[in-house]
Amino acid sequence: MLFYVEQGEGIHGAVFPGCPETYQSQSQQNIQDRPQRDQHQKLRRLKEGDVVALPAGVAHWIFNNGRSQLVLVALVDVGNDANQLDENFRKFFLAGNPQGGVVRGGQSRDRNQRQSRTQRGEREEEESQESGGNNVLSGFRDNLLAQAFGIDTRLARKLQNERDNRGAIVRMEHGFEWPEEGQRRQGREEEGEEEREPKWQRRQESQEEGSEEEEREERGRGRRRSGNGLEETFCSMRLKHRTPASSADVFNPRGGRITTVNSFNLPILQYLQLSAERGVLYNNAIYAPHWNLNAHSIVYITRGNGRIQIVSENGEAIFDEQVERGQVITVPQNHAVVKKAGRRGFEWIAFKTNANAKISQIAGRVSIMRGLPVDVLANSFGISREEAMRLKHNRQEVSVFSPRQGSQQ
């Protein structure tokens with residue numbers, strides 16, 4: 001899975017099997033008059049513009065600690081090699097009682113449950129499952145759960161969320177101990193803004209992510225530390241990458257910017273075979289016509305409006321429409337596409353089905369036109385050599401083109 005933070009801020013936690021609990025936070029519970037510290041795996045701050053990668057089968061949770069809605073856009077790759085079940089999207093909830101359609105991609109759990117009861121035909125199981133929840137634990141017998149966790153059956157039944165109607169999103173009534181208002185985060189700032197965070201304390205490595213300094217430290221630890229190999233890969237890999245304007249791969253002060261997230265700046269994407277592209281076009285700017293060499297592209301419009309044209313291999317315009325925020329457009333591999341911003345500008349996040357997706361531009365300074373001899377262009381298009389020279393050199397910009405009055409006329 002890849003997800004993009006479209007709006008808001010929050011906290012994200014992911015649990016990798018076999019990895020150590022390298023973080024600790026103050027617990028509100030005291031045992032024998034001594035405050036207890038809760039140990040857990042790494043937590044990550046989420047902000048607008050973040051791209052987060054998740055391998056298959058990794059348990060994770062998200063908490064909105066901001067003052068506005070937290071909106072995420074996610075791509076789930078069911079065709080990945082790690083998925084050996086089938087190509088149906090499933091969410092496996094450890095807790096809560098989400099609706100059946102959320103859990104099983106539209107299939108009601110109640111129907112499957114009734115079929116299972118008919119096959120078993122056991123009265124005891126029918127009674128125990130009659131009001132069960134939709135999380136993974138609700139399918140087990142409460143006495144087996146109690147033995148597995150070393151708890152009583154009353155608590156085991158609570159884990160099954162039998163009569164919990166809150167769904168997949170719940171409100172946190174108790175949990176993290178947050179710092180006081182205005183308390184400065186100790187020695188850490190991101191993008192020049194002071195941040196409010198829970199009192200996490202890292203025992204082994206810095207909590208800061210995404211910086212070049214941390215990446216150098218991680219490489220250094222990989223050379224010095226001895227481990228089982230797993231700790232030096234998934235346990236210490238970054239899952240999150242920020243896409244601020246300062247990190248854009250292509251920037252045009254009059255046109256906009258393109259930021260790419262791939263296995264070079266987020267190495268875990270090499271395992272997921274996914275990547276992302278964040279695009280920002282200013283008023284009437286153009287993203288150079290191009291095609292994807294080695295990936296499909298799923299484009300979600302995050303802001304503004306514009307026009308997208310997609311052309312197939314036989315020159316047929318299979319899509320030519322105005323698009324706006326909230327729409328999703330799929331651009332198949334080797335189909336040419338061009339984007340033009342409207343008067344409100346145009347922004348998108350594109351998920352691509354390759355860890356290092358590549359494009360071939362048709363126009364601009366790094367286009368295929370620039371690589372062809374003038375005589376080849378002139379004879380291929382039936383134009384003069386002077387026209388072929390203009391075709392090659394009129395656009396000196398890369399990827400993002402500023403609007404030109406002459407082209408409109």
Side-chain angles (χ1 to χ4, degrees), residues 2-8 47-51 68-69 71-75 241-262 275-292 295-312 317-333 335-353 357-367 394-409:
L2 273 185
F3 68 79
Y4 172 78
V5 183
E6 181 182 1
Q7 174 186 325
K47 290 182 61 177
E48 181 177 334
D50 287 354
V51 175
S68 64
Q69 287 187 334
V71 182
L72 309 175
V73 182
L75 170 80
H241 186 78
R242 295 228 157 117
T243 59
S246 58
S247 66
D249 298 287
V250 177
F251 175 71
N252 184 333
R254 296 197 302 135
R257 63 183 183 271
I258 302 295
T259 306
T260 302
V261 183
N262 54 30
S275 58
E277 171 193 271
R278 182 185 181 187
V280 177
L281 294 181
Y282 303 154
N283 179 13
N284 289 325
I286 296 175
Y287 186 19
H290 63 274
W291 66 79
N292 294 291
H296 303 305
S297 182
I298 298 88
V299 183
Y300 176 83
I301 315 304
T302 59
R303 193 166 297 164
N305 68 313
R307 175 174 291 275
I308 295 181
Q309 276 192 307
I310 304 174
V311 179
S312 65
I318 61 175
F319 185 85
D320 183 7
E321 293 184 16
Q322 291 283 341
V323 294
E324 59 186 11
R325 180 179 179 178
Q327 289 186 266
V328 180
I329 310 298
T330 300
V331 183
Q333 180 185 10
H335 282 56
V337 58
V338 63
K339 302 181 180 75
K340 182 179 180 180
R343 295 183 178 180
R344 295 179 293 165
F346 189 35
E347 299 184 22
W348 70 88
I349 181 73
F351 302 106
K352 301 193 176 186
T353 57
K358 303 174 184 178
I359 66 171
S360 180
Q361 296 184 23
I362 303 175
R365 186 156 58 90
V366 294
S367 67
N394 267 17
R395 275 291 187 185
Q396 297 297 322
E397 299 160 307
V398 176
S399 299
V400 178
F401 299 160
S402 57
R404 285 190 174 183
Q405 191 68 25
S407 63
Q408 294 176 4
Q409 293 175 356

Once you round to the nearest 0.5 Å, how far does [atom1] of [X] lie from [atom2] of [Y]?
X: Thr243; Y: Lys47; atom1: OG1; atom2: NZ; value: 11.0 Å
X: Trp348; Y: Tyr4; atom1: CH2; atom2: OH; value: 11.5 Å
X: Phe319; Y: Ile308; atom1: CZ; atom2: CD1; value: 6.0 Å
X: Ile310; Y: Thr330; atom1: CD1; atom2: OG1; value: 8.0 Å
X: Arg257; Y: Tyr287; atom1: CZ; atom2: OH; value: 14.0 Å
X: Leu2; Y: Ser275; atom1: CG; atom2: OG; value: 7.5 Å

What closest approach, in Å, do [X] and [Y] show between heavy atoms, and which atom pair accounts for it?
X: Gly306; Y: Gln322; answer: O-OE1, 3.0 Å
X: Arg278; Y: Gly49; answer: NH1-CA, 3.8 Å
X: Phe346; Y: Lys340; answer: CD2-O, 4.3 Å
X: Gln361; Y: His290; answer: CA-CB, 3.8 Å
X: Val73; Y: Phe351; answer: O-CZ, 3.6 Å
X: Tyr282; Y: Pro253; answer: CE1-O, 3.5 Å

**Request:** State plainly whether the residues Arg307 and Glu324 are in salt-bridge range, i.e. N to O under 4.0 Å.
**Result:** no

**Asked** Are Arg365 and Glu397 ion-paired here, with the side-chain N under 4.0 Å from a carboxylate O?
**Response** no

Is the closest side-chain heavy-atom distance between [X] and [Y] below 4.5 Å?
X: Ile286; Y: Val338; value: yes
X: Asn252; Y: Ser402; value: yes
X: Ile329; Y: Val323; value: yes
X: Ile318; Y: His335; value: yes

Sequence neighbours excluded and cut-off under 3.5 Å, please list the side-chain donor-acceptor pairs for residues 295-302, or say none.
{"unit_1": "His296", "atom_1": "ND1", "unit_2": "Gln333", "atom_2": "N", "d": "3.0"}
{"unit_1": "Tyr300", "atom_1": "OH", "unit_2": "Glu6", "atom_2": "OE1", "d": "3.4"}
{"unit_1": "Thr302", "atom_1": "OG1", "unit_2": "Glu347", "atom_2": "O", "d": "3.3"}

**Message:** Surrounding CD of Gln396 (heavy atoms of other residues, nucleotides or ligands, distance under 6.0 Å), is the total greater than 12?
**Reply:** yes

**Prompt:** Side chains of Asn292 and Lys352: do they bring a donor and an acceptor to under 3.5 Å?
**Reply:** yes

**Message:** My understanding is that only residues two or more places apart in sequence, or in another chain, count here; which of them pass ring pair (Phe, Tyr, Trp, His ring centres under 6.0 Å) with Phe401?
**Reply:** none

**Prompt:** So, the side chain of Asp320 versus the backbone of Ala317: is there a donor-acceptor pair under 3.5 Å, distance only?
**Reply:** no

**Prompt:** Between the main-chain N or O of Asn283 and the side-chain N or O of Arg343, is there a donor-acceptor pair closer than 3.5 Å?
**Reply:** no

**Item:** Under the side chain to side chain contact (heavy atoms under 4.5 Å, CB included) test, residues paired with Asp249 that sit two or more places apart
**Value:** Thr259, Thr260

